[in-house]
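Treat the numbers as computed from the prediction; the structure is a model and nothing was measured. Throughout, protein chains are lettered first and strands after them, A, B, ... in sequence-line order, and every chain is numbered starting at 1.
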Amino acid sequence: MNHWLLKSEPAVFSIDDLEKQKTTLWDGVRNYQARNFLKAMQVGDLAFFYHSSTEPPGIVGLCRVLETGLVDPSQFDPNSPYFDPRSSAENPRWWTVRVGFVEKFKCPLTLDLLRKNFSPDELILLRRGNRLSVMPVAAEVAERITAMRASQ
DNA sequence: GCCAACGTTGGC
DNA sequence: GCCAACGTTGGC
């Protein structure tokens, strides 16, 4: 099983929204590196849910990959901000997964706390200028994150 | 609201 | 294929 980190602005979609909805299609990713990580996900993988552009930013919960290899429907919707006129049904450009709510952390693991416990080498999130919204988390790092959560 | 960092676009 | 211009991300 692999671990991932998914970024979302809570004003757009939060861990509370996921808890209410139970599952969601992780659509709207329009970056090739992030898309490739989405493609590499497998059913059963766990993903840390990260809130960005909020105070404080941080990991706020956990979700699980339920379905993989899904075509992102928003690329075909002219009314969607994620519409991509270069995509076609025969040759879709953007792929995604469905994730399900697992848990919301009692205390968020803030970006500040993550910086104190991990190096930028260990956690892509912490790398200078990082803007990836979907990224892998090494097993050993995921274990330490989970341990931090437990000790809060 | 600022701005550094980065990805994408498009002229050449 | 280069690279300047531009738009976006996201922490602060």
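- Between the NE2 atom of A/His51 and the P atom of C/dG10 there is a distance of 13 Å, rounded to whole Å.
- Atom pair A/Leu5:CG and C/dG10:C1' shows a separation of 14 Å (rounding to whole Å applied).
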Under 3.5 Å donor-acceptor pairs involving side-chain atoms of residues 3-13 of chain A, not counting sequence neighbours:
unit_1	atom_1	unit_2	atom_2	d
A/Trp4	NE1	A/Asp45	OD2	2.9
A/Lys7	NZ	A/Leu132	O	3.0
A/Ser8	OG	A/Phe13	O	2.5

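- Atom CG of A/Asp112 is separated from atom P of C/dG10 by 18 Å (rounded to the nearest Å).
- Of the candidate nucleotides C/dG11, B/dT8, C/dG10, C/dG10 has the atom nearest to the side chain of A/Lys7.
- Closest contact between the side chain of A/Asn31 and the listed nucleotides C/dG10, C/dG11, B/dG7 involves B/dG7.
- Heavy atoms of A/Arg86 sit under 4.0 angstrom from primed sugar atoms or phosphate atoms, though from no base atom.
- Taking Ile, Leu, Val, Met, Phe, Trp and Tyr as hydrophobic and joining them when side-chain heavy atoms fall under 4.5 Å apart, one finds A/Trp95 in a cluster with A/Val71, A/Phe76.
- Heavy atoms only, all atoms of each residue included: A/His51 and A/Ile15 are closest at NE2-N, 3.1 Å.
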Next on the checklist: Working note: A/Ser119 + A/Arg127, criterion side chain to side chain donor-acceptor pair (under 3.5 Å); need CA distance, chi angles, decisive distance, verdict.
Outcome noted: CA-CA 8 Å; A/Ser119 73; A/Arg127 287 183 198 165; over 6 Å; no
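- If you measure from atom CG of A/Asn130 to atom C1' of C/dC12, you get 16 Å, rounded to the nearest angstrom.
- Of the listed nucleotides (B/dG7, B/dT8, C/dG11), B/dG7 has the atom at the smallest distance from the side chain of A/Arg131.
- With rounding to whole Å, A/Leu132 atom CG is found 9 Å from C/dG10 atom P.
- In this structure, CZ of A/Arg35 is placed 15 Å from P of B/dG7, rounded to the nearest angstrom.
- Look at CZ on A/Arg30: it is 12 Å from P on C/dT9, rounded to the nearest Å.
- A sub-4.0 Å separation between OP1 or OP2 of C/dT9 and a side-chain N or O of A/Tyr50 is absent.
- With rounding to whole Å, A/Tyr82 atom OH is found 12 Å from C/dT9 atom C1'.
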